[in-house]
Amino acid sequence: SFSVHYASFFPHLLAAQRKQIDAVLAPFLLSLDTLREVKNKMRAELEYGLKRETQASATVKMLPTYVCGTPDGTESGKFLALDLGGTNFRVLLVKIRSGRRRSVQMYNKIFAIPLEIMQGTGEELFDHIVQCIADFLEYMGIKGARLPLGFTFSFPCRQGTLVGWTKGFKATDCEGEDVVDMLREAIRRRNEFDLDIVAVVNDTVGTMMTCGYEDPNCEIGLIAGTGSNVCYMEDMKNIEIVEGNEGKMCINTEWGGFGDNGCIDNIRTKYDKQVDEGSLNAGKQRYEKMTSGMYLGEIVRQILIDLTKQGLLFRGQISESLRKRGIFETKFLSQIESDRLALLQVRRILQQLGLDSTCEDSIIVKEVCGAVSRRAAQLCGAGLAAIVEKKRENRGVEHLQITVGVDGTLYKLHPHFSRVLQETVRELAPQCDVTFMLSEDGSGKGAALITAVAKRLHNIGRKRGLIDKYLYAMRLSDETLIDIMARFRREMKNGLSRDFNPTATVKMLPTFVRSIPDGSEKGDFIALDLGGSYFRILRVKVSHEKKQTVQMESEIYNTPEDIIHGSGTRLFDHVAECLGDFMEKQQIKDKKLPVGFTFSFPCRQSKLDEGVLITWTKRFKASGVEGADVVKLLNKAIKKRGDYDADIMAVVNDTVGTMMTCGFDDQRCEVGLIIGTGTNACYMEEMRHIDLVEGDEGRMCINTEWGAFGDDGSLEDIRTEFDREIDRGSLNPGKQLFEKMVSGLYMGELVRLILVKMAKEGLLFEGRITPELLTKGKFETKHVSAIEKSKEGLNKAKEILTRLGVEPSHEDCVAVQHVCTIVSFRSANLVASTLGAILNQLRDNKGVGRLRTTVGVDGSLYKMHPQYARRLHKTTRRLVPDSDVRFLLSESGSGKGAAMVTAVAYRLSEQHRDNLFAFFLGYPPQLDKRLQGYRL
Ligand code: G6P
Ligand code: G6P
Ligand code: BGC
Ligand code: BGC
């Protein structure tokens with residue numbers, strides 16, 4: 001102990017004196033057990049502060065700060081910061097740069113706050129603060145700029161209002177008042193400049209943020225300075241007085257109030273009580289008064305007075321100086337205790353303070369200082385041990401690695417405080433590996449960072465709200481979706497009925513496909529797949545060795561724009577040429593394989609191998625094809641070549657191909673859905689509901705061609721100006737209006753049009769509009785998908801927008817992401833409502849209370865967009881609650897399904913031949929019942 005140390009070095013200290021001094025300092029020696037007890041008590045008080053029932057009376061107030069994360073490096077901008085409550089009052093200008101060259105530049109000026117202002121009226125105090133700001137703005141030459149301001153205000157605040165002054169402040173009319181209001185009013189009173197006060201921050205939080213900018217593991221902020229306090233990131237679920245369970249929030253513990261209920265009175269000495277009584281806030285902040293710089297000197301002074309009274313010091317004379325409160329500032333304490341100082345120098349310091357001391361006196365003073373500061377460091381360490389232990393338990397780990405950001409003159413300047421503090425934490429929280437990180441730039445930097453975050457969140461929140469309002473018409477309520485579902489159900493009815501079909505917009509085309517694959521299909525087929533993103537030719541071999549297996553090989557061919565927009569003859573010549581090439585490659589040019597033709601456009605069929613194109617959709621517009629049978633056109637083109645032969649057995653819509661592909665794996669599949677370049681669905685309808693086809697038995701697949709939903713004006717109430725613009729610029733104005741709100745060919749363009757308009761109105765990119773942004777097709781649906789990725793989405797947005805030359809800010813990126821979400825979400829919602837109508841129809845057809853079914857799905861939008869599928873599934877299940885719907889992704893496109901249909905058609909044609917043969921032999925034709933409807 002200190003006493004032994006000094007006694008042995010200075011034997012001239014009398015044994016009797018020694019004993020008396022030891023007795024005085026004994027209560028300052030805390031055993032490990034006592035410190036453990038302090039830790040446990042602190043821990044209990046932390047819990048009281050967090051719990052709803054005990055929180056009001058808790059001495060450790062555990063104030064929520066609404067700071068929910070540490071800076072992530074994306075903060076940027078110019079900020080003002082005020083730093084009030086520590087040794088110095090400071091005004092700062094902080095410039096933060098984000099990105100790869102992220103950096104923080106600071107300029108600051110220290111201003112004095114005279115005692116009479118600290119303890120005068122609130123108005124005087126805040127007027128003084130504003131005076132200092134004015135000086136600083138003048139000095140920096142930035143008086144005109146209305147900068148955002150962060151205010152480090154190192155006193156307990158609950159939601160912005162001052163709970164109570166601490167330390168050396170006691171200005172009137174402030175407690176219970178809103179700090180921002182007081183500052184704002186003072187700025188108004190001065191009427192010279194304006195500021196945008198964004199955040200009020202405790203110094204602990206500022207410190208945690210300052211350090212968190214360098215080390216993301218920093219989740220605790222400690223101040224050991226004029227005052228004492230700690231903040232840390234607490235799990236939201238433990239903060240009972242704040243709504244929400246997700247994530248974390250920084251809690252300002254205000255642990256200075258620990259002990260105000262008497263729970264550590266057992267270790268408080270009479271000197272502590274004297275210090276408390278002489279303070280500005282008697283009875284309060286008892287722990288702070290044992291641990292922080294403002295009071296340690298005072299404790300020392302009380303002890304010195306006592307020792308003097310006992311005749312052990314200063315020749316028994318209590319001088320004027322010794323009577324003066326506050327003479328022992330932290331810096332003197334630090335100097336006196338410095339081991340580098342010779343005793344003579346200690347004496348000189350005491351003399352400076354007006355304490356005329358002997359050499360012996362200085363030894364004793366130094367000893368007293370040591371005992372007091374050591375106890376402070378140990379108590380502070382015990383408190384911190386409670387915090388890190390709590391963090392460890394929160395994380396549920398055996399060992400915790402954590403960084404504590406620290407600031408404060410006591411910690412920084414005192415020769416022993418930080419070491420003893422760290423030793424104590426290590427001793428009392430052995431399972432925690434605590435790194436102490438000194439905040440080099442004070443909490444002003446942290447306050448600016450928080451201001452940047454708050455400003456960003458505020459701006460983003462505002463912008464989001466603005467976009468929501470802006471795109472209000474695109475955000476469809478469930479009520480609207482249910483209404484759309486009902487409308488589409490009516491359209492389906494019309495399309496199916498003989499009387500209304502001719503004028504129906506949703507054409508409900510019979511496909512002559514009567515069932516999904518039954519597992520008996522086999523053979524060697526070719527499938528053409530035209531109309532989606534790719535033109536593909538496939539060879540599909542279905543074999544039966546014990547189990548049905550499918551082997552596929554495929555080739556993708558180009559469909560240049562001049563061909564799909566040229567003459568129909570040229571288009572089919574091209575298709576025939578590609579088919580020839582494929583057969584060449586497959587070395588089957590001499591064979592006449594059955595061909596299935598996935599042709600993803602609306603075709604009227606009267607049998608499987610006939611398809612009269614009603615209208616081109618999507619990217620296609622070849623002349624002379626509408627109204628013609630595409631099978632005939634293709635046959636003609638093949639004949640014209642004469643180098644190979646093909647037997648086109650079936651024309652299949654991609655929805656049907658998809659349903660068949662998925663039906664191969666799941667017998668329950670009875671809906672085929674495409675959300676790709678275009679959108680459409682087919683499903684198995686009861687024959688008795690299909691007026692256009694003879695017969696009432698069994699079912700037939702209906703290609704709804706729902707893309708045309710709304711072409712009669714029935715969706716005008718939900719179409720926006722952007723939808724109309726898309727339509728005007730399309731190849732088929734006035735047609736496929738539903739498809740244009742939903743599918744991939746249009747989605748990127750929809751977003752682009754919205755961005756252009758928002759930029760024009762100054763809501764994005766600071767109004768910058770570039771030629772790229774104005775170019776049709778420059779924003780693609782795949783970009784929407786990239787931007788909506790949850791992790792890298794914002795980076796992608798930055799990349800994509802930068803390529804468009806608009807120099808997006810972080811907020812712009814967030815805003816554009818939000819626009820994408822609204823547009824893609826609307827698409828998923830619309831599909832959910834039309835799909836919902838089909839599901840309802842199926843359920844009613846089956847006469848069951850609950851529908852169990854599978855929807856086969858394909859299409860680039862559904863497959864590539866990161867959120868689309870989940871949203872569609874969710875909304876569908878919400879709109880049709882009495883159903884169990886399985887969504888099955890078609891892994892191999894609709895080519896495989898087309899082959900399945902071809903297989904059946906092929907078998908039928910063979911059977912047909914057999915039947916004809918039988919007929920001639922006088923047998924009655926025996927058609928497979930399941931295949932009866934295939935008209936050949
Ligand atoms: C920080 C801050 C101050 C804070 C202080 C504590 O760096 O910027 O506002 O109150 O440290 O230290 P002090 O010893 O000055 O009270
Ligand atoms: C399927 C098909 C295509 C179809 C496409 C829709 O897999 O094989 O023919 O049109 O999906 O998707 P897309 O996004 O290419 O339009
Ligand atoms: C205040 C705290 C502050 C601490 C350190 C205390 O007196 O109540 O809000 O963090 O001093 O400056
Ligand atoms: C066509 C449909 C097709 C859908 C998906 C629409 O434009 O009209 O026949 O199923 O796109 O490819």
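We count ligands from 1, going down the list as the structure has it; atoms in each ligand are counted the same way.
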Worksheet entry | Numbered atoms of ligand 3 (with element) below 4.0 Å of Ile223, judged on heavy atoms | 5 (C), 12 (O)

Practice prompt. Check each atom of ligand 1 against the heavy atoms of Thr226 and keep those under 4.0 Å away; list them by number with element.
Written response: 13 (P), 14 (O), 15 (O), 16 (O)

Worksheet item: Taking both backbone and side-chain atoms of Asn88, is any N or O found less than 3.5 Å from an N or O belonging to ligand 1?
Response: no

Discussion item. Is there a salt bridge (charged side-chain N to carboxylate O under 4.0 Å, His left out) between Asp272 and Lys289? Walk through the geometry before answering.
Written reply: CA-CA 7 Å; Asp272 294 309; Lys289 286 169 186 166; over 6 Å; no

Worksheet item: Would Lys331 and Thr409 count as having a side-chain donor-acceptor pair, cut-off 3.5 Å?
Response: no

Worksheet item: Between Lys618 and Ser600, is there a donor-acceptor pair closer than 3.5 Å when you use the side chain of the first and the backbone of the second?
Response: yes

Worksheet item: Is there any N or O on Thr152 that sits under 3.5 Å from an N or O of ligand 1?
Response: no

Item to complete: Give the residue and atom name of whichever protein heavy atom lies nearest to atom 8 (O) of ligand 3, and the separation in Å to one decimal.
Response: Glu254 OE1, 2.7 Å

Practice prompt. Indicate yes or no: does an N/O atom of Thr204 lie under 3.5 Å from an N/O atom of ligand 3?
Written response: no

Worksheet item: With a cut-off of 4.0 Å, which atoms of ligand 1 are near a heavy atom of Gly442?
Response: 7 (O), 8 (O)

Worksheet entry | Any donor-acceptor N or O pair under 3.5 Å, side chains Tyr683, Thr704 | no

Worksheet entry | Part of Asp407 with heavy atoms under 4.0 Å of ligand 1, whether side chain, backbone, both or neither | side chain

Response to the item:
Closest to atom 6 (C) of ligand 3 among protein heavy atoms sits Glu288 OE2, 2.9 Å

Worksheet item: With under 30° as parallel and over 60° as perpendicular, where do the rings of Phe535 and Tyr557 fit, or are they tilted in between?
Response: tilted

Worksheet entry | Contacting atoms of ligand 1, where contact means under 4.0 angstrom from a heavy atom of Thr87 | 13 (P), 14 (O), 15 (O), 16 (O)

Worksheet item: When you check the side-chain N and O atoms of Glu45 and Thr59, is any donor under 3.5 Å from an acceptor?
Response: yes

Item to complete: Heavy-atom distances under 4.0 Å are what count here, so tell me which part of Asn202 touches ligand 3: side chain, backbone, both or neither.
Response: side chain

Worksheet item: Hey, which residues fall under 4.0 Å of ligand 2 on heavy atoms?
Response: Asp529, Gly532, Ser533, Ser600, Asp654, Ile674, Gly676, Thr677, Asp858, Gly859, Ser860, Gly893, Ser894

Worksheet item: Strictly by modelled atom types, are Ser824 and Glu788 linked by a side-chain donor-acceptor pair under 3.5 Å?
Response: yes

Discussion item. With no hydrogens and no angle check, just 3.5 Å: does a side-chain donor-acceptor pair link Glu337 and His416?
Written reply: no

Fill in: OG on Ser279 to NZ on Lys170, rounded to 0.5 Å
8.5 Å

Discussion item. Under a 3.5 Å threshold, yes or no: a donor from one side chain and an acceptor from the other, between Asp654 and Thr598?
Written reply: no

Worksheet item: For Asp203, is the nearest heavy atom under 4.0 Å from an atom of ligand 3?
Response: yes

Worksheet entry | Residues Asn680 and Glu705: side-chain donor-acceptor under 3.5 angstrom | yes

Practice prompt. Count the heavy atoms belonging to other residues, nucleotides or ligands that lie under 6.0 Å from NZ of Lys412, then report whether that count exceeds 12.
Written response: yes

Fill in: Proximal ligand 3 atoms for Phe155, defined as those under 4.0 Å from one of its heavy atoms
9 (O)

Item to complete: List every atom of ligand 3 that sits less than 4.0 Å from any heavy atom of Gln285, numbering the atoms from 1 in the order shown and giving each element.
Response: 7 (O), 8 (O)

Response to the item:
Any heavy atom of Ile223 under 4.0 Å from ligand 1? The part involved is side chain

Item to complete: Could you establish whether Pro156 and ligand 3 come within less than 4.0 Å of each other, counting only heavy atoms on the residue side?
Response: yes

Worksheet item: Does the side chain of Tyr232 pick up a donor-acceptor pair with the side chain of Glu234 at under 3.5 Å?
Response: yes

Discussion item. Could you check, using the six-membered ring where one of them is a Trp, whether Phe599 and Trp616 have ring centers closer than 6.0 angstrom?
Written reply: yes

Discussion item. Using a 4.0 Å cut-off to any heavy atom of Thr409, which atoms of ligand 1 qualify?
Written reply: 12 (O), 13 (P), 14 (O)

Discussion item. Parallel, tilted or perpendicular, judged at 30° and 60°: which one describes the rings of Phe738 and Trp706?
Written reply: perpendicular

Fill in: Identity and distance of the protein heavy atom lying nearest atom 11 (O) of ligand 3
Lys167 NZ, 3.1 Å

